Peer 1: 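What follows is a structure written as structure tokens; I'll ask about it next.
Because the structure is a prediction, the values reported are computed rather than measured. We count residues from 1, following the sequence as given.
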Amino acid sequence: MSTPNAAVNSADRGLSEKGLKAGSVGLIGAVVIGISCIAPAYTLTAALGPTVSEVGVHLPAIFIVGFIPMLLVALGYRELNNAMPDAGTSFTWASRAFGPWLGWMGGWGLIAATIIVLSNLAAVAVDFFYLMLAQIFSNPSLADLTTVLPLNIATTLVFIAGACWISYRGMETTKTFQYVLVAFQLLVLGWFAIAAFAHVANDTAFDATAIQADWFNPFAVESFSQFAAGVSLSIFIFWGWDVTLTMNEETKNPEKTPGRAATVTVIVIMVIYMTVSLATLAFAGIGTEGLGAGNPENQGSIFAVLAGPVMGPFAILMSLAILSSSAASLQSTFVSPARTLLSMGHYKALPKSFGKISPTYKSPSYATIAAAVAAAAFYVVTRTLSENALWDTITALGMMICFYYGITALACVWYFRAEAFRGARNFFFKFLAPLVGGVILLVMFFKTAYDSMDPDYGSGSNIGGLGLVFILGAGVILLGAVLMLIMNWRHPEFFKGQVLSKASQPYNP
């Protein structure tokens, strides 16, 4: 009988164990952590309004369009995991397919994206923490405490430290924490959707709008620019499912469970998004006044506006759900960068200290703390310099998501190229699905990069007439390239293929 990490032990594939606790996460646990990382309650309250402003009632169609490349890429990830279950995921797989240089940049894309999101999630958690206090004590002024910069930064650092502590204690502690918070936010979202539909049925909705088949037609969107903007937002709200793959060395049946969890996570999230978005549109409509979903004043957090009219005296539960969503995601998001940093340290693409494992919890000790320190430093610097810089970096996040997802999807196509046309299953799952998904995301990467050069993109900030979003996004990628050159100088063995070698010939089971 093979061991749980038999595939990881395959020396001929250039992979090796890192000391993580094998068999500690099952399918349900992986899906729960995947859902948590996506943070549906937080993501929906932030994304519904801006997406409606771009595409109106065709919000469901845009979700479908964003769902398709995510599902196609997830299928490619599954095939790579089946062949090479390794905690490094994008870094490891791209290194095996394309070589160390592109592999390193794929890993950097994942790390940079998740570090930025960690700081953002902590900030959102702090905002809703003070909002919750204001609602509990019926004192609106408490919500304004989040605008006091020293207090805001101090509270944010406490949230990051707490999430880091739970992650440091390993997957068992993470699972327990996530089961409670994910169950709560899904319960509240379900409550909101049912209550909204009940208002529509009882003719007490703000702007009752009948659901129509045309809402699901992406070709009915008025212009390509609206379509692209909507898709960019949609890709962002699905991002995070790949955390299920980074746990592959800690799951039961590592060759199968992570890939299945990724696919299930994407589908479950799609059902949640579609249900809640339809309920929101049916209750509020897309008007630009009052409670309308198209009202610019509602776009910062649409649930903060609609929770009272929809849920009545139980509206505070929505604030708690969004707080729990951002807090849960803050903690679960630590899983990906910590394990990618661990793998890069293990394979000598970073200093070997990143490859340290906690002897007590069998978790990436040094890498987890390093991720927390980086997220904290990023937040303090950007928030102190300019709130626009912080939020523009979040906007630039879409570029990095498309970048490393696209690289990994095409790594699947290249790695399995010798067997791609051996049967219908291989053709679809190892060639067509990842190829189409990867190309779509890389096209979106270049389009977003081009659009973000416009000084009016994002917050409207610019340097020398060049949009701040582009400068920040390109700057993060350029920083990765500089760090890669430094690592090549200090740790040349990885970049010479002496540690994690490029597959000498296509994978052939």
Peer 1: Tell me whether the rings of W93 and Y77 are parallel (<30°), tilted (30 to 60°) or perpendicular (>60°).
Peer 2: perpendicular

Peer 1: For the backbone of Q331 and the side chain of S167, can you confirm whether one donor and one acceptor N or O come within less than 3.5 Å of each other?
Peer 2: yes

Peer 1: Going by atom types only, do T333 and T114 share a side-chain donor-acceptor pair under 3.5 Å?
Peer 2: no

Peer 1: Using the ring of each side chain (for Trp, its six-membered ring), is F283 parallel, tilted or perpendicular to H199, with breaks at 30° and 60°?
Peer 2: perpendicular

Peer 1: Dump the intermediate steps for side chain to side chain contact (heavy atoms under 4.5 Å, CB included) on L468 and I463, then the final yes or no.
Peer 2: CA-CA 6 Å; L468 185 59; I463 298 177; 4.1 Å; yes

Peer 1: Should T45 and S301 be marked as a side chain to side chain donor-acceptor pair (under 3.5 Å) after you check the CA-CA gap, both sets of side-chain angles, and the distance that decides it?
Peer 2: CA-CA 5 Å; T45 195; S301 177; 2.7 Å; yes

Peer 1: State whether the side chain of T384 and the backbone N or O of V381 hold a donor-acceptor pair below 3.5 Å, judged by distance alone.
Peer 2: no

Peer 1: Which of parallel (below 30°), tilted (30 to 60°) and perpendicular (above 60°) describes F159 and F129?
Peer 2: perpendicular

Peer 1: Under a plain distance cut-off of 3.5 Å, with no hydrogens placed, do S332 and S36 share a side-chain donor-acceptor pair?
Peer 2: yes

Peer 1: Below 30° counts as parallel, above 60° as perpendicular, anything between as tilted: where do the rings of F63 and Y273 land?
Peer 2: tilted

Peer 1: For Y405 and D242, does a side-chain donor sit closer than 3.5 Å to a side-chain acceptor?
Peer 2: yes

Peer 1: Check whether any side-chain N or O of W108 sits under 3.5 Å from a backbone N or O of V476 as a donor-acceptor pair, and report yes or no.
Peer 2: yes

Peer 1: Count the heavy atoms belonging to other residues, nucleotides or ligands that lie under 6.0 Å from CG of N202, then report whether that count exceeds 12.
Peer 2: yes

Peer 1: Judged by atom type as modelled, is there a donor-acceptor pair below 3.5 Å linking the side chain of S329 to the main-chain atoms of S326?
Peer 2: no

Peer 1: Of Y42, W191, F192, F128, which is the lone residue that meets ring pair (Phe, Tyr, Trp, His ring centres under 6.0 Å) with F303?
Peer 2: F192

